[in-house]
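Remember, it's 1-based here, ligands and their atoms both numbered in the order they're listed. Note that this is a predicted model, so its numbers are computed, not measured.
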Amino acid sequence: MEQLVNKIVLVTGASSGIGAECAKIFNEHGARVIMMSRRVEAMQEIASGFIHKPLLLQCDVRNNNDVVRCIESIPDEWKNIDILVNNAGLSRGLSTVQDGLLSDWEEMIDTNIKGLLYVTKAVLPEMLKRNSGMIINIGSIAGRQVYPNGNVYCATKHGVKAISEALQFDVNGTGVRVSNIDPGMVETEFSVVRFHGDKQRADNVYKGMTPLTGRDVAETVVFCATRPPHVSIHDILLMPTDQASTQVVHRS
Ligand code: NDP
Ligand code: 8X3
């Protein structure tokens with residue numbers, strides 16, 4: 001098992017949910033964590049008990065200038081990023097294409113696909129110079145199966161899967177590794193964001209079933225990150241026991 005002590009890990013979307021749990025677990029393993037998101041106060045709160053003081057970057061991944069500025073602002077002692085966890089992402093709305101809002105589609109495409117690409121493009125060159133590094137993309141079961149009214153969100157996660165697979169070709173022979181992790185239902189702020197703040201509707205998503213936690217996903221991320229350099233975990237599908245597919249969920 002590879003040790004994570006003093007490894008530098010950049011986690012996007014670290015202010016909540018899966019990203020917050022990734023930041024915490026890497027800190028517990030002795031890594032030096034760079035947390036990126038738009039909400040600095042939330043990141044400060046999450047990092048308040050950290051053993052190693054993290055570096056916090058306020059960044060909207062939808063804006064390439066912002067991403068480039070943030071990555072360039074990283075002090076020299078943090079610059080050699082060993083692991084990038086591309087986690088920032090969201091769903092907005094749940095409706096047919098004919099009823100969908102363009103603003104929702106644009107936010108999802110700009111964040112989940114373009115944002116992931118911008119951060120990757122900003123971080124990858126330094127990894128290639130060092131012939132080592134790991135990029136872990138958080139996709140979704142929605143990147144493998146579509147479901148009614150999931151159209152654009154599912155398309156973005158199919159896009160993440162395609163980008164992960166394409167990157168595996170792009171970096172082949174360089175020592176850089178790319179992992180794609182596709183979780184099923186995880187209880188985070190995800191559904192509250194999807195339903196534009198409707199907490200009751202969000203809570204109903206997980207009613208009568210046991211969803212994954214952010215920690216479950218973070219532990220899987222750490223599994224990928226601790227494999228020895230000759231082992232690359234290309235692809236993981238991680239589901240709650242109660243969930244057989246996007247549409248089949250056992251509820252008590
Ligand atoms: P949360 O809503 O709890 O967290 C989303 C994170 O993404 C927040 O930290 C948010 O930070 C960040 N983010 C969103 N937009 C931007 C942006 N424009 N720029 C920078 N950061 C942004 O949801 P999850 O933890 O559940 O989601 C994390 C990832 O996991 C997403 O990619 C999601 O698609 C994926 N996923 C989630 C599943 C689930 O059921 N929850 C299942 C499968 C995959 P801030 O708002 O502060 O910028
Ligand atoms: C989140 C999982 O199935 O709720 O990516 O869209 S799902």
Exercise for the section: Tell me which protein heavy atom sits closest to atom 2 (C) of ligand 2, plus the residue, atom name and distance to 0.1 Å. Expected result: S140 OG, 3.6 Å

Exercise for the section: Considering only non-hydrogen protein atoms, determine which one is nearest to atom 7 (S) of ligand 2 and report residue, atom name and distance to 0.1 Å. Expected result: Y147 OH, 3.7 Å

Exercise for the section: Under 4.0 Å from a heavy atom of S15: give me the atoms of ligand 1 that qualify, with their elements. Expected result: 8 (C), 9 (O), 10 (C), 11 (O), 45 (P), 47 (O)

Fill in the blank from the handout: ligand 1 to T188, heavy atom cutoff 4.0 Å, flagged ligand atoms 3 (O), 23 (O), 24 (P), 25 (O), 26 (O), 41 (N)

Practice task
Find out whether the Lys NZ or Arg CZ of R194 is both under 6.0 angstrom from the six-membered ring centre of Y153 and within 45° of the ring's axis.
Solution key: yes

Practice task
For residues F190 and Y206, establish whether the separation of their ring centroids is below 6.0 Å.
Solution key: no

Handout entry: M185, portion touching ligand 1 at heavy-atom distance under 4.0 Å
Key = backbone

Is ligand 1 less than 4.0 angstrom away from at least one heavy atom of [X]?
X    : result
G184 : yes
K157 : yes
G115 : no
A42  : no

Practice task
Could you say whether the N/O atoms of T246 and ligand 2 ever approach to under 3.5 Å?
Solution key: no

Practice task
Report whether F195 and L90 are members of the same hydrophobic cluster (ILVMFWY, side-chain heavy atoms less than 4.5 Å apart, transitive linking).
Solution key: no

Problem - Co-membership, hydrophobic cluster, residues V186 and V221, 4.5 Å side-chain - result: yes

Practice task
Closest by any non-hydrogen atom to atom 5 (C) of ligand 1: pick that one out of G89, A142, A20, G19.
Solution key: G89

